[in-house]
**Q** 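One structure is given below, represented as C-alpha cells, and several questions about it will come after.
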Amino acid sequence: MRARTVKVTPLRQNCTVLENPETGQALVVDPGGDAPELLKILDGMTVEAILLTHGHFDHVGGADALREGLARRQTTPVCIIGPDRRDEFLLNSVTDQAQAFGLFDLHNAHPDHFVVDGEILEFSGARFEVAHCPGHTPGHVVFICHEDKLAIVGDTLFRGVVGRSDFAYGDHQGLIAGIKRTLLSLPDDYIVLPGHGLPTMIGEERQNNPFLN
C-alpha cells in the first residue's frame, strides 16, 4: 500500500489515503473534512472503505459527505468502519464539536461497523490489525499493517509527544499504557502516521519520547 497524507480542516488534521497502485483500490483514514478536495485527490481510485480512529470532529467530520460523494461515482459501496463503539457519543456530537471551533460544514458520522480490539480488516490484499488504545478518547483505535510495517495511530502517539488527555473522558495513564501495549510492542522499524504533524518511527519514540520513558 502507498500512503499519502492530506491535511484537512483548519486544524490541519492528517487524513491518510492508502492506495494499492497495482489495482487502484484505496482506503481513506480519518477524513475530518474538505470532502470535495478529497474527492478530487481520489479521482481514478476505487475506495473500498473509510476507516476512523476516533470520534473527534477533525477526524470524522467529512466521513459521511465523502461516502456520499464516492457513492455517486463508483459502483461498489463504501463502508465507514470504526472506531470502537465507546466513541459513539462523540460521533453523534460532531456538529456541536465543530461549531464550538467556528466550523459549520462538518457533520455527525455514522459508521456501518464499529471495530473491536484484535479484529483483522482485509482490503486490497492488505491486512490491518485493530488495536484499542483509549485515553485520548474512550473508543480510540489504531490500525496496524504488519506487511507494510505501518501504524496509523490517530491522536495517540506523535513525534516526541503523546495525545491530549485533558478531556472529561480522557485518561492519561490509560493512554500511556495503551501506547506501550499496542505500539511500543511493535519493532523499531515500523512507520507511525499520526493524526497531526510529521511521521515518526517506533524506534525513535521508544528511545526519545519523554512521555514514554
Side-chain angles (χ1 to χ4, degrees), residues 1-85 87-88 90-99 101 103-115 119-128 130 141-145 147-148 150-155 193-196 199:
M1 299 292 280
R2 182 171 59 194
R4 174 179 179 179
T5 297
V6 183
K7 294 190 178 297
V8 297
T9 81
L11 277 69
R12 308 300 288 166
Q13 192 276 127
N14 291 337
C15 171
T16 300
V17 176
L18 297 168
E19 182 190 8
N20 183 330
E22 296 179 359
T23 66
Q25 294 173 303
L27 301 171
V28 181
V29 186
D30 286 356
D34 299 331
E37 295 304 314
L38 290 174
L39 286 167
K40 292 178 184 178
I41 291 168
L42 294 165
D43 188 38
M45 304 180 200
T46 299
V47 176
E48 292 189 88
I50 296 168
L51 307 182
L52 305 179
T53 61
H54 66 291
H56 281 158
F57 72 92
D58 57 322
H59 288 255
V60 306
D64 275 27
L66 181 60
R67 173 171 57 185
E68 292 168 6
L70 291 168
R72 289 193 290 268
R73 73 183 195 193
Q74 66 180 56
T75 57
T76 54
V78 180
C79 292
I80 298 177
I81 299 174
D84 180 286
R85 187 177 290 276
D87 267 14
E88 188 171 15
L90 291 169
L91 300 173
N92 291 335
S93 64
V94 168
T95 300
D96 292 338
Q97 294 177 49
Q99 289 181 1
F101 283 80
L103 303 175
F104 296 91
D105 58 348
L106 305 182
H107 305 284
N108 295 355
H110 303 88
D112 299 286
H113 172 68
F114 289 100
V115 293
E119 186 171 347
I120 301 296
L121 305 174
E122 296 195 35
F123 302 101
S124 302
R127 290 164 54 90
F128 292 84
V130 177
V141 297
V142 299
F143 299 104
I144 303 166
C145 180
E147 180 181 8
D148 291 331
L150 180 68
I152 303 173
V153 303
D155 287 356
L193 297 183
H196 301 268

**Q** Output yes when a side-chain donor or acceptor of D58 lies under 3.5 Å from a complementary backbone atom of G32, and no otherwise.
**A**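 Checked: no pair found.
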**Q** Keeping the roles fixed (side chain from E48, backbone from Q25), state whether a donor-acceptor pair exists under 3.5 Å.
**A**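 Here the side-chain-to-backbone pair does not exist.
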**Q** Given 3.5 Å as the limit, does a donor-acceptor pair link the side chain of N108 with the main chain of T95, or not?
**A**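 Confirmed, N108 side chain pairs with T95 backbone.
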**Q** Any chance CZ of R127 has more than 12 other-residue heavy atoms, nucleotides or ligands included, within less than 6.0 Å?
**A**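 Atom CZ in R127 is not packed in, count stays at 12 or less.
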**Q** For the pair D30 (side chain) and G154 (backbone), establish whether a donor and an acceptor sit closer than 3.5 Å, ignoring hydrogens and angles.
**A**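 No: the side chain of D30 does not pair with the backbone of G154.
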**Q** Quick check for you: to the nearest 0.5 Å, what is the distance between F143 atom CZ and L27 atom CG?
**A**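 F143 CZ to L27 CG: 9.5 Å, rounded to 0.5 Å.
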**Q** Kindly indicate whether the side chain of I81, heavy atoms from C-beta on, has any atom under 4.5 Å from the side chain of F123.
**A**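 Yes, at least one pair of side-chain atoms sits under 4.5 Å.
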**Q** Please report the interatomic distance CD(E68) to NE2(H107), rounded to the nearest 0.5 Å.
**A**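 Atom-to-atom, E68:CD and H107:NE2 are 8.5 Å apart.
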**Q** Please determine if R67 and D64 form a salt bridge, counting it only when a charged side-chain N lies under 4.0 Å from a carboxylate O.
**A**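 Salt bridge: yes.
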**Q** Report the distance from atom CG of L11 to atom CZ of F57, rounding to the nearest 0.5 Å.
**A**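 Atom-to-atom, L11:CG and F57:CZ are 4.5 Å apart.
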**Q** When you measure from the side chain of R4 to the backbone N and O of I41, does any donor-acceptor pair fall under 3.5 Å?
**A**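 No; judged by distance alone, with no hydrogens or angles, the pair does not exist.
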**Q** Are the side chain of Q97 and the backbone of H56 linked by a donor-acceptor contact shorter than 3.5 Å?
**A**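 Checked: no pair found.
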